[in-house]
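One structure is given below, encoded as structure tokens.
Any value given below was found using the heavy atoms of this structure, including those in side chains, with hydrogens, waters and symmetry copies removed. Residue numbers count from 1 along this sequence. In listed order, ligands and their atoms are each counted from 1. Quick caveat, the model's predicted, so the values are computed rather than measured.
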Amino acid sequence: MSPVLTSRAGTRTIPATAGIVATGLAVGVAELAAGLLPGGASPFVAVAERIIELTPGPAVELAISVFGGANRLVLLLCMAVGLLTAGALVGIGAAARRWFGPAALGAIAALGIASGLATPALPVLVAVAAPAAGWGLGAGLLQVLLGRRAAGRAGAGEHADDLPDEDRAHRDEPERPRRSFLAVAGAGAVLAAASAGGGRYLQLRDAARRARTNIRLARPATPLPPPPGTASFDIDGLASLVTPNEDFYRIDTAFTVPRLDPDSHAVRVTGMVDTPLEIGYRELVRAADTEADVTLACVSNQVGGSLVGNARWQGVPLAEVLDRAGVHPGATQIVGRATDGWTGGFPVEAAYDGRPALIAVGMNGEPLPEEHGFPARLVIAGLYGYVSDTKWLAEIELTTFEAYDAYWIPRGWAERAPIKTQSRIDVPREGAEVNAGPVTVAGVAWAGVRGVETVEIAVDGGDWREARLAGELARTTWRQWAYEWDATPGQHRIQVRATDGTGRTQTGERSGTLPDGATGHHTIEVTVAG
Ligand SMILES: Nc1nc2c(c(=O)[nH]1)N[C@H]1C(S)=C(S)[C@@H](COP(=O)(O)O)O[C@H]1N2
Ligand SMILES: [Mo]
């Protein structure tokens with residue numbers, strides 16, 4: 001191969017690389033700027049939308065028939081490849097004529113601006129500023145990269161062949177500029193990817209928030225009355241009957257809360273059914289006419305712990321959706337699968353035995369908070385959360401327990417996990433100092449779907465004495481209790497136990513949370529001042 005050819009190929013690789021990185025950075029920064037600006041959506045997607053709009057109908061239909069639901073993704077990938085190819089040409093052109101780089105990147109930015117301005121949902125400021133910011137940084141990086149390369153060439157690269165032999169030993173000196181070119185190009189590429197990813201994340205989070213605030217829950221067919229005053233005691237420090245959404249415990253494996261677009265989100269029903277279904281989120285919201293008061297409990301809750309909360313959920317009865325799909329008689333397990341792949345699985349009976357079992361979209365009168373599963377989740381009364389209450393619900397799969405182990409099962413947790421009867425002392429706090437005389441001891445007790453029949457208190461290992469119970473909101477919720485204790489000076493130990501609606505009293509035997517929930521009496525020590 002002639003040295004001329006090799007060197008020409010070499011002179012093209014570097015400007016092409018510079019062009020690709022600079023174009024990537026321009027697009028990445030535009031996405032990031034759009035994510036940072038209020039109301040921002042992707043300029044890149046805006047271009048895709050204009051392309052779809054300008055593509056003749058039959059061509060779009062062909063694309064859909066070939067690629068199915070992935071047709072948009074295919075278009076975005078094609079655009080990305082096209083953009084990087086254009087980037088290479090931008091770089092090569094800019095190496096020949098300095099003005100060409102900024103001008104060509106400007107043309108790409110102008111395409112973004114024009115598409116953004118034609119997108120009604122995109123604020124004008126974002127439509128213009130985001131691509132402009134991308135253009136500025138991309139063009140700047142291109143100049144820097146081509147400058148470095150020129151420096152490298154001047155250093156020796158181009159003239160190396162003319163050098164006397166003894167100087168050829170120093171040919172690797174240009175390695176330094178080249179290395180710095182690679183460093184800057186590498187940093188630019190990382191920055192481009194990070195800003196594109198970060199920008200997209202911010203845009204989607206923003207979109208989910210905006211969409212969430214625009215959602216109106218349906219009016220329930222038979223609205224539940226507000227919780228009666230008799231179901232609550234007014235005692236300082238006692239957990240409120242209904243846990244406010246912002247105080248509700250949160251447990252999941254999600255590293256970051258999934259941000260899902262309610263307009264495109266759907267829940268599929270798959271597996272052992274006659275007719276697999278897909279129900280869009282909007283349809284779920286319209287059909288969500290059922291309310292239920294349900295206490296959720298985490299299997300990891302220690303005795304006396306706070307991983308339990310009570311809310312009024314609104315949704316579609318799971319059985320209604322399952323009946324539409326037609327569950328095969330052999331199916332024994334319902335698996336809820338989240339968008340991030342997490343799964344929880346519970347018996348099919350739980351959807352049909354009359355307990356509240358909902359595909360929920362509402363929590364305490366508002367759309368589900370993102371942390372608690374927006375757009376949709378399962379809420380199955382009486383079962384620990386890890387088997388039943390899948391958040392960010394994407395799929396309901398009918399299967400058997402033999403065929404599938406949900407997320408926590410191979411990790412040692414029980415396959416069947418009804419909530420155990422438990423009770424907790426909220427006041428006084430563990431280790432508190434109180435004055436002698438009448439002291440109110442109060443807390444909550446819960447028993448899955450069995451309801452709480454009695455709560456008893458024992459002081460210093462003495463007889464069990466019955467506490468007063470607040471009215472029952474529902475069999476499926478916790479129940480407040482209170483006990484007037486005549487406190488005498490000194491150190492005292494207070495224990496609590498509950499008896500469920502089937503007459504079974506919770507065990508005092510202590511066991512840890514693994515594999516199916518902790519047991520034992522919540523016990524506190526208090527000091528009574530003389
Ligand atoms: N997608 C998903 N859903 C999930 C989980 C999870 O890790 N991922 N954790 C479950 C567990 S262990 C519990 S206790 C409940 C908690 O629901 P909350 O965070 O709304 O209180 O969610 C359940 N749903
Ligand atoms: Mo949990």
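Side-chain contact annotation: Thr343 with Tyr404, donor-acceptor N/O pair under 3.5 Å present. Side-chain polar atoms of Thr270 and Glu395 form a donor-acceptor pair below 3.5 angstrom. With hydrogens and angles left out, the side-chain atoms of Asn245 and His372 include no donor and acceptor closer than 3.5 Å.
Checked against a 3.5 angstrom limit, the closest N/O atoms of Trp408 and ligand 1 fall outside it. Looking at Trp392 next to ligand 1, no N or O pair under 3.5 Å apart turns up. Checking only distances, Arg250 never comes within under 3.5 Å of ligand 1, N or O to N or O.
Of the protein's non-hydrogen atoms, Tyr249 O, 2.7 Å is the one closest to atom 21 (O) of ligand 1. If you check which protein heavy atom lies closest to atom 24 (N) of ligand 1, you get Asp389 O, 3.0 Å. For atom 3 (N) of ligand 1, the nearest non-hydrogen atom of the protein is Lys391 N, 2.9 Å. For atom 17 (O) of ligand 1, the closest heavy atom belonging to the protein is Arg377 NH2, 3.1 Å.
Aromatic pair Tyr281/Phe374: ring centres closer than 6.0 Å. Ring centroids of His265 and Trp392 are separated by 6.0 Å or more, keeping the two rings apart.
In the vicinity of Phe248, heavy-atom distances shorter than 4.0 Å reach the ligand 1 atoms 21 (O). Less than 4.0 angstrom separates some heavy atom of Cys298 from each of these atoms of ligand 1: 14 (S). Short contacts between ligand 1 and Tyr386, defined as distances under 4.0 Å to a heavy atom of the residue, involve ligand atoms 11 (C), 12 (S). Close contacts of ligand 1 with Ala338, meaning ligand atoms under 4.0 Å from a residue heavy atom, involve 1 (N). Near Ile251, meaning under 4.0 Å from one of its heavy atoms, ligand 1 places the atoms 5 (C), 9 (N), 10 (C), 11 (C), 12 (S), 13 (C), 15 (C), 16 (C), 19 (O), 22 (O). In the vicinity of Thr253, heavy-atom distances shorter than 4.0 Å reach the ligand 1 atoms 6 (C), 7 (O).
Contacts between Tyr384 and ligand 1, counted as non-hydrogen atom pairs separated by less than 4.0 Å, are absent for every part of the residue. By the criterion of a heavy-atom distance under 4.0 Å, the side chain of Trp342, and not its backbone, is placed next to ligand 1.
Enclosure of atom CZ in Arg411 by more than 12 non-hydrogen atoms of other residues, nucleotides or ligands within 6.0 angstrom is indicated.
Geometrically, Arg416 engages Phe401 in a cation-pi contact, judged by NZ or CZ lying under 6.0 Å from the ring centre and within 45° of the ring axis. A cation-pi geometry, defined here as NZ or CZ lying under 6.0 Å from the six-membered ring centre and within 45° of its normal, does not hold between Arg337 and Tyr407.
When atom types are taken as modelled, the side chain of Asp289 and the backbone of Thr222 share no donor-acceptor pair closer than 3.5 angstrom.
Once rounded to the nearest 0.5 Å, the distance linking CD1 of Ile494 with CD1 of Ile524 reads 4.5 Å.
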